[in-house]
Amino acid sequence: MTALGLVVAQFNRPITEEMEASAREAVEDAGAELVETVRVPGAYDAPLAADRLARRAEVDAVAVIGAIITGDTDHDRVIADATARRLADVSLERDTPVTLGVIGPGMSAAEARERTGKGGDAVEGAIDLVEELPDP
């Protein structure tokens with residue numbers, strides 16, 4: 001059984017709550033175990049939480065979910081780029097799959113609501129990586 005950590009960004013909460021529900025459903029459907037859920041203020045804060053979960057021996061993979069919605073500036077792109085880069089770093093540094101279920105940037109709230117299933121996709125991707133990656 002795959003044991004997962006889940007990081008949920010709280011910014012844009014109505015959307016991320018639906019993403020979390022999708023993620024939990026995917027965990028249940030796969031027969032996996034959700035070891036711990038860590039809620040963080042926003043997507044930018046997710047790499048530290050993912051790193052803490054990835055350090056735990058009982059966690060096989062970490063799924064990170066959040067929603068970055070566009071505004072009047074390029075701030076959404078800055079946040080998305082930094083988050084994706086650091087999550088990839090965590091995965092490589094900890095030799096633990098960390099999946100990017102953060103939707104955005106460059107999308108409206110309506111577009112984000114249409115993509116809440118990406119929470120489940122992040123969990124499915126994490127499980128697939130655990131099952132497919134060869135042991136070191």
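Model, not experiment: these values are computed from the prediction.
- Within the 3.5 Å criterion, the main-chain N or O of G42 finds a donor-acceptor partner in the side chain of D45.
- The hydrophobic cluster containing M107 also contains I65, counting ILVMFWY residues as joined when their side-chain heavy atoms lie under 4.5 angstrom apart, directly or transitively.
- Across G119 and S22, no two heavy atoms sit closer than the pair C-OG, 4.0 Å.
- The shortest distance between side-chain heavy atoms of V59 and L4 does not fall below 4.5 Å.
- I68 and V90 fall within a single hydrophobic cluster, where Ile, Leu, Val, Met, Phe, Trp and Tyr are joined by side-chain heavy atoms under 4.5 Å apart, directly or via other members.
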Please test I15 against T116 for side-chain contact (heavy atoms from CB on, under 4.5 Å), starting from the C-alpha separation and ending with a verdict. CA-CA 7 Å; I15 293 164; T116 58; 4.0 Å; yes
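- Minimum heavy-atom separation, A54 to V62: N-CG2, 3.9 Å.
- Looking at S91, its side chain does come within 3.5 Å of a backbone N or O of T96 through a donor-acceptor pair.
- Linking Ile, Leu, Val, Met, Phe, Trp and Tyr residues whenever their side-chain heavy atoms come within less than 4.5 Å places V35 and V98 in a single cluster.
- Residue pairs meeting the salt bridge (Lys or Arg N to Asp or Glu O under 4.0 Å) criterion with at least one member in residues 52-70, sequence neighbours excluded: E36-R56, D51-R55, R56-E58.
- Here the side chains of R24 and L34 are in contact, with some heavy-atom distance below 4.5 Å.
- Across all their heavy atoms, R77 and P105 have their closest contact at NH1-CG, 3.7 Å.
- Listed here is the closest heavy atom pair of A50 and V7: N-CG2, 3.8 Å.
- Judged purely by atom type and a 3.5 angstrom limit, N12 uses its side chain to pair as donor or acceptor with the backbone of A67.
- For the atom pair F11 CZ and I69 CD1, the distance stands at 8.5 Å (nearest 0.5 Å).
- D95 has its side chain out of reach of L92: every pair of non-hydrogen atoms, C-beta onward, lies at least 4.5 Å apart.
- Atom CD of E25 has 12 or fewer neighbouring heavy atoms from other residues, nucleotides or ligands inside a 6.0 Å radius.
- Taken from CD1 in I79 to CG in D74, the straight-line distance is 12.0 Å, to the nearest 0.5 Å.
- Of all heavy-atom pairs between L100 and A84, the closest is CD2-CB, 3.9 Å.
- Using a distance-only test at 3.5 Å, with no hydrogens or angles considered, a donor-acceptor pair links the side chain of E111 to the main chain of S108.
- The environment of R115 atom CZ is sparse: at most 12 non-hydrogen atoms of other residues, nucleotides or ligands sit within 6.0 angstrom.
- Between I127 and E124 there is no side-chain heavy-atom pair separated by less than 4.5 Å.
- Atoms CD and CZ, from E20 and R13 in turn, are 10.5 Å apart once rounded to the nearest 0.5 Å.
- Annotation: side chain of L87 is in contact with side chain of P47 (closest heavy-atom distance under 4.5 Å).
- Counting only heavy atoms from C-beta outward, the side chains of L53 and V38 approach each other to under 4.5 Å.
- When every heavy atom of M19 is checked against every heavy atom of I103, the shortest pair comes out as SD-CD1, 3.9 Å.
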Output, in order, the C-alpha distance, side-chain angles, deciding distance and verdict of side chain to side chain donor-acceptor pair (under 3.5 Å) for R39 and T16. CA-CA 10 Å; R39 290 175 178 77; T16 60; over 6 Å; no
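- T99 places a side-chain N or O within donor-acceptor distance of the main-chain N or O of A122, the cut-off being under 3.5 Å.
- Cluster membership for V8 and V123, using ILVMFWY side-chain heavy atoms within less than 4.5 angstrom, is shared.
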